[in-house]
Amino acid sequence: AKHLLGIEPLRPEAITTILDLAETYVDLNRSDTKRSNALSGLTQINMFFENSTRTQASFELAGKRLGAVVMNMSMATSSVKKGETLIDTALTLNAMHPDLLVVRHPQSGAVDLLSQKVNCAVLNAGDGRHEHPTQALLDALTIRRAKGRLHRLNVAICGDIAHSRVARSNILLLGKMENRVRLIGPPTLMPEAIGEFGVEVYQDMEEGLRDVDVVMMLRLQKERMDGGFIPSEREYYHRYGLDAAKLALAKDDAIVMHPGPMNRGVEIDGEIADDINRSVIQDQVEMGVAVRMAAMELLARNLHAEPA
Ligand code: CP
């Protein structure tokens, strides 16, 4: 493939290829050198039109550890503020001959549109409520390492599913790898066309968490609620916040995940988030660098492949 725009078009074998290469980068990142030349001579531009801590930092580190020239566009001080469109900004940067463009945008479909206008490889770092493919890949690597497999697992994704690109990409990936996905949350935070996902839906945490292997918590994404119903945080924590009593219903060795940013005391109890026997939240961050290294290396290989 030329771009990484979503999980939807990926075949299971392609997912496994990315995860297997990422494993080698986990080892490299734990070594003293932390350095490869896989992207040597290439230019990577990161364009984040929405806030980010984990994704932007890890894409930057990933590119630098692979030897690329990495530039972070500061969108807050760019000419976007003077009315320049997304496409004009992309065409301007395209004229500077980047090889890899990493893009986050608040509108679903914006990254796909941009990819059709440029010559380089485009990686989707999150578009609206549509997809966040590298997040699902890093979650998959975290699960595979913690559970020893990435199939026949019961995974609960809990909370604000409707506004979550993380949930959407994870549902797609986990389904392709033959896992059972349960969505748990209030009806107001469930997507309308839930049937198309092939998942089980629960409104009740006590019911939905029973015997799951993986508990994935999501933040209330108020920035995408468009003036709609926003639940009270106190009430939400009571019903849907992950605390010790609710987690006790999952399997004894169930892992707890969260893509971040986390709101402690809203969707998750702080002590559970910090419990290294259950929580793999920091592992997810670590896997994020390795997965982004692998994804960029594989796209860069295609960049230089001779047409068949
Ligand atoms: N998980 C995630 O996308 O985090 P950031 O918004 O901080 O990049």
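Values below: every heavy atom of this structure, side chains too, minus hydrogens, waters and symmetry copies. In listed order, ligands and their atoms are each counted from 1. Since this is a predicted model, take the numbers as computed values, not measurements.
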Donor-acceptor pair, side chain of N179 and main chain of L150, under 3.5 angstrom: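 Looks like yes, one N/O pair under 3.5 Å.
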Criterion side chain to side chain contact (heavy atoms under 4.5 Å, CB included) against D283, the qualifying member of I143, V26, T142: T142
Starting from I184, can I reach L220 by hopping between I/L/V/M/F/W/Y residues whose side chains sit under 4.5 Å apart? yes
For a side chain to side chain donor-acceptor pair (under 3.5 Å) with Y25, tell me which candidate from R30, E297, K34 qualifies.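 For Y25, the side chain to side chain donor-acceptor pair (under 3.5 Å) check succeeds only for E297.
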Please determine whether a side-chain nitrogen of the Lys or Arg among E286 and R145 lies less than 4.0 Å from a carboxylate oxygen of the Asp or Glu.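 Looking at E286 and R145, the cut-off is not met.
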Tabulate distances under 3.5 Å between N/O atoms of ligand 1 and N/O atoms of the protein, writing both atom names on each line.
unit_1, atom_1, unit_2, atom_2, d
ligand 1, 1 (N), Q135, OE1, 3.0
ligand 1, 1 (N), P259, O, 2.9
ligand 1, 1 (N), G260, O, 3.2
ligand 1, 3 (O), T55, OG1, 2.9
ligand 1, 3 (O), R104, NH2, 2.9
ligand 1, 3 (O), H132, NE2, 2.9
ligand 1, 4 (O), R54, NE, 3.1
ligand 1, 6 (O), R104, NH1, 2.9
ligand 1, 7 (O), T53, N, 2.8
ligand 1, 7 (O), R54, N, 3.0
ligand 1, 7 (O), R54, NE, 3.1
ligand 1, 7 (O), R54, NH2, 3.0
ligand 1, 8 (O), S52, OG, 2.6
ligand 1, 8 (O), T55, N, 2.9
ligand 1, 8 (O), T55, OG1, 2.6
ligand 1, 8 (O), R104, NH1, 3.4
ligand 1, 8 (O), R104, NH2, 3.4

If you look at every heavy atom in A125 and F59, which pair is closest and at what distance?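 Nearest pair, atom of A125 first, then F59: CB-CE1, 4.1 Å.
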